[in-house]
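We name chains A, B, ... by the order of the sequence lines, and we start the count at 1 in each one. Keep in mind that this is a model prediction, so the values were computed, not measured.
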Amino acid sequence: MKQSLLFVPTLKEAPKDADVKSHRLMSRAGIIKQVAAGIYTYLPLGYRVIRKIEEIIREELDKIGASELLMPALQPKDLWNESGRWDKYGPELMRLTDRKDRDFCLGPTHEEVITQVVRDYVTSYKKLPLALFQIQTKFRDEMRPRFGLMRGREFIMKDAYTFSETPEDLDRWYKLFTKAYIDIFNRCGLDTKIVSSDVGQIGGDEADEFMVMSEVGEDTITYCDKCSYAANQEHSLLNTGGKCPVCDGTINTAKGIEVGNIFKLGTKYSDSMHGTFAGRDNKPQPMIMGCYGLGISRTLMASVEQHSTENGIVWPKEIAPFKVHIIPVNKKDENQLNLAYEIYNTLKSNGVEVLIDDRDERVGSKFKDADLIGIPFRVVVGKDASELKVEFSNRLKDEKELVLASEILALI
RNA sequence: CGGGAAGUAGCUUAGCUUGGUAGAGCGCUGCGUUUGGGACGCAGAGGUCGCAGGUUCAAAUCCUGUCUUCCCGACCA
């Protein structure tokens with residue numbers, strides 16, 4: 001892609017409303033633009049990262065046998081009355097009426113819709129188990145949206161639901177999703193801790209959260225300094241210096257961003273919404289459900305929070321909007337420009353996502369922008385172009401070397 | 001929803017105390033000079049001073065109301 005054609009509106013100064021690092025950087029780097037409190041536009045660069053995260057999720061969920069569907073954001077009140085949540089959910093539920101004055105809400109989550117879908121089609125144990133997921137924009141009228149993409153009123157989420165015949169099968173799915181989540185977050189370059197949590201609004205029997213350790217996190221995690229014990233503080237009620245409930249270690253606390261949560265729902269929704277199937281004895285029994293959320297826009301935010309300095313982002317390889325950034329120093333120097341395009345074409349024809357800064361900017365501005373937008377590999381084509389040499393840097397390792405243009409493909 | 005802060009050009013902001021022609025930096029347009037870390041000169045464009053009412057000869061400035069945004073808290077994934 002030519003940078004002159006890519007819409008990357010970078011800013012020298014961050015908008016004053018951006019307070020946390022990731023918000024400042026994403027605003028300055030042309031990743032997102034705020035539209036209202038907790039509502040954002042994903043600009044081309046940001047949307048590329050979103051799609052990378054989504055693809056990783058699709059690959060990993062495909063591996064465990066979950067299939068993707070897409071449910072409506074707009075949902076009728078009737079369905080929410082079935083589960084009883086129309087009245088229980090409170091003002092966080094975005095409610096609206098259509099022209100006939102019928103009540104609807106914008107889905108904050110999709111247990112009701114998915115239960116309706118599955119109960120109407122799956123009527124026998126022979127059709128179980130089933131794992132379905134979607135990637136969709138969710139709506140929650142937060143009392144206080146904050147920290148950029150951290151807590152939005154509109155956000156992108158992957159939500160999955162499993163339907164099992166037995167508790168043992170639910171346990172199996174729960175483990176499969178746990179493993180898939182670990183792989184997804186690893187591939188997104190995020191270091192996560194799995195902590196046990198309260199079941200909250202969604203309800204159910206058991207729940208775990210995937211936390212990215214960060215000072216701007218809203219949750220407090222208690223964890224043991226010796227063993228692998230970790231829990232959300234609201235759940236564990238432990239404090240720093242306390243004794244580990246599992247071993248003889250000591251409890252520490254740290255802030256975390258919740259990027260994923262998984263719940264064993266049990267029969268909460270299949271009971272209230274008649275999600276039953278004919279069992280092996282031909283008697284109706286409720287489907288045993290699990291639900292598995294993963295905040296995609298929040299994962300983007302957490303990743304920037306973790307992989308950046310005040311000067312810019314350094315994307316983890318797998319979610320970087322591009323892999324290589326080529327910067328011709330002086331466009332008027334034919335040697336440089338030709339070599340830059342030669343490298344560009346070679347990389348492109350080898351399937352490498354590459355961005356070339358072909359803009360009529362001074363090189364200083366190009367470097368500053370490149371630092372900001374954080375593409376992991378950088379190729380600077382400058383004064384050594386006549387000898388076919390360029391400066392190659394791996395920004396993840398912060399090293400620079402002069403290499404032959406022909407070597408680049410092997411270095412990335 | 002309680003407490004605090006802030007709304008002036010695309011972004012950052014000065015001016016407000018003490019009412020009297022709305023200023024700067026960045027960005028943008030044109031011309032020239034520059035060209036390995038956000039260049040320089042000259043000439044320009046761009047503003048319902050959040051909105052509504054009030055006081056006044058006169059309001060960005062004073063008063064009232066309202067909307068929006070951010071931060072802390074409570075709540076929530």
Next on the checklist: Between the base of B:rA74 and the side chain of A:Arg144, is there a donor and acceptor pair under 3.5 angstrom?
Outcome noted: no

Item to check | Among B:rC72, B:rC70, B:rU13, the one nearest A:Lys16 by side-chain distance | outcome: B:rU13

Checklist entry - Heavy atoms under 4.0 Å, any strand shown: does A:Phe210 hit a base, just sugar-phosphate, or nothing? => result nothing

Next on the checklist: When you measure from the centre of the six-membered ring of A:Trp86, is the NZ or CZ of A:Arg95 closer than 6.0 Å and no more than 45° off the axis?
Outcome noted: yes

Checklist entry - Closer to the 5' end of RNA chain B via nearest nucleotide, is it A:Val20 or A:Arg378? => result A:Arg378

Checklist entry - Of the nucleotides B:rG25, B:rU69, B:rA77, which has the atom closest to the A:Arg153 side chain? => result B:rU69

Checklist entry - To the nearest Å, how far apart are A:Asp17 CG and B:rC70 C1'? => result 5 Å

Next on the checklist: Tell me whether the NZ or CZ atom of A:Lys264 lies within the 45° cone about the ring axis of A:Tyr174 and under 6.0 Å from its centre.
Outcome noted: yes

Next on the checklist: Tell me the interatomic distance from A:Glu142, atom CD, to B:rC75, atom C1', rounded to whole angstroms.
Outcome noted: 9 Å

Checklist entry - Expressed in whole Å, how much space separates the P atoms belonging to B:rA52 and B:rA59? => result 14 Å

Checklist outcome for this item: Taking B:rA77, B:rA39, B:rC11 as options, the one with an atom nearest any side-chain atom of A:Pro15 is B:rC11

Checklist outcome for this item: Taken to the nearest whole Å, CG/A:Asp141 to P/B:rC75 is 18 Å

Checklist entry - Any salt bridge between A:Glu111 and A:Arg85, counting N to O under 4.0 Å? => result yes

Checklist entry - A:Arg151 side chain: which of B:rU13, B:rA77, B:rC1 is closest? => result B:rA77

Checklist entry - Would one find a side-chain N or O of A:Lys12 under 4.0 angstrom from OP1 or OP2 of B:rG27? => result yes

Next on the checklist: Take a 6.0 Å sphere around CD of A:Glu401 and say whether it holds more than 12 heavy atoms from other residues, nucleotides or ligands.
Outcome noted: yes

Next on the checklist: Could you tell me how far apart A:Ile373 (CD1) and B:rG38 (C1') are, to the nearest whole angstrom?
Outcome noted: 14 Å

Checklist entry - Are any non-hydrogen side-chain atoms of A:Glu361 and A:Phe367 less than 4.5 angstrom apart? => result no

Checklist entry - Taking the same atom, C1', in B:rC16 and in B:rA74, what whole-Å distance lies between them? => result 35 Å

Checklist entry - So among A:Asp208, A:Asn261, A:Asp219, which one has a side chain to side chain donor-acceptor pair (under 3.5 Å) with A:Asn232? => result A:Asp219

Next on the checklist: Students often get this wrong, so: under 4.0 angstrom with heavy atoms, is A:Asp219 touching a base, only sugar-phosphate, or nothing?
Outcome noted: nothing

Next on the checklist: Taking any heavy-atom pair under 4.0 Å as a contact, classify A:Gly152: base, sugar-phosphate, or nothing.
Outcome noted: base

Checklist outcome for this item: B/S/- along nucleotides 31-36 of chain B (protein heavy atoms under 4.0 Å) is ---BBB

Next on the checklist: I want to verify a distance call: between B:rG38, B:rU69, B:rC11, whose nearest atom is closest to the A:Glu13 side chain?
Outcome noted: B:rC11

Item to check | Whole-Å gap separating P (B:rC75) and CG (A:Asn232) | outcome: 13 Å

Next on the checklist: If we ignore hydrogens and angles and just use 3.5 Å, is the side chain of A:Tyr47 paired with the main-chain N or O of A:Ile32 as donor and acceptor?
Outcome noted: no

Checklist entry - With respect to the side chain of A:Leu11, which nucleotide from B:rC76, B:rC11, B:rG38 is positioned closest? => result B:rC11

Checklist entry - Above 12 or not: heavy atoms from other molecules or residues under 6.0 Å from CD of A:Glu59? => result yes

Checklist entry - Under 4.0 angstrom, heavy atoms only, what part of the nucleic acid is A:Ala18 near: base, sugar-phosphate, or nothing? => result nothing

Checklist outcome for this item: Of A:Arg146 and A:Lys366, the one whose nearest nucleotide on RNA chain B sits closer to the 5' end is A:Lys366

Checklist entry - Does any residue of residues 31-53 of chain A have a heavy atom under 4.0 Å from RNA chain B, and if so, which ones, in number order? => result A:Gln34, A:Ala36, A:Ala37

Next on the checklist: Rounding to an integer number of angstrom, what distance separates B:rA14 and B:rU61 when you compare their C1' atoms?
Outcome noted: 13 Å

Checklist outcome for this item: To the nearest angstrom, the CD1-P distance between A:Ile327 and B:rG38 comes to 14 Å

Checklist entry - More than 12 non-hydrogen atoms from neighbouring residues, nucleotides or ligands closer than 6.0 Å to CG on A:Asp120, yes or no? => result yes

Checklist entry - If we take the P atom in both B:rA58 and B:rC11, what is their distance in whole Å? => result 33 Å

Item to check | Stem list, RNA chain B (Watson-Crick or G-U pairing under 3.5 Å, at least 3 consecutive pairs) | outcome: B:1-7 with B:67-73, B:10-13 with B:23-26, B:28-33 with B:39-44, B:50-54 with B:62-66

Next on the checklist: How about NZ on A:Lys331, more than 12 heavy atoms from neighbouring residues, nucleotides or ligands closer than 6.0 Å, or not?
Outcome noted: yes

Checklist entry - Does one side chain, of A:Asp369 or A:Thr10, offer a donor that lies under 3.5 Å from an acceptor on the other? => result yes

Checklist entry - What do the steps show when you test A:Phe377 against A:Phe392 for ring pair (Phe, Tyr, Trp, His ring centres under 6.0 Å), and what is the final call? => result CA-CA 7 Å; A:Phe377 295 108; A:Phe392 176 85; 5.7 Å; yes

Checklist entry - Does the gap between the ring centers of A:His23 and A:Tyr40 come in under 6.0 Å? => result yes

Checklist entry - With respect to A:Gln233, which candidate in A:Thr222, A:Asn239, A:Thr253 satisfies the side chain to side chain donor-acceptor pair (under 3.5 Å) definition? => result A:Asn239

Next on the checklist: For the base of B:rA77 and the side-chain ring of A:Phe155, does the geometry meet a stacking cutoff of under 5.5 Å between centres and under 30° between planes?
Outcome noted: yes

Next on the checklist: Rounding to an integer number of angstrom, what distance separates B:rA22 and B:rG27 when you compare their P atoms?
Outcome noted: 26 Å

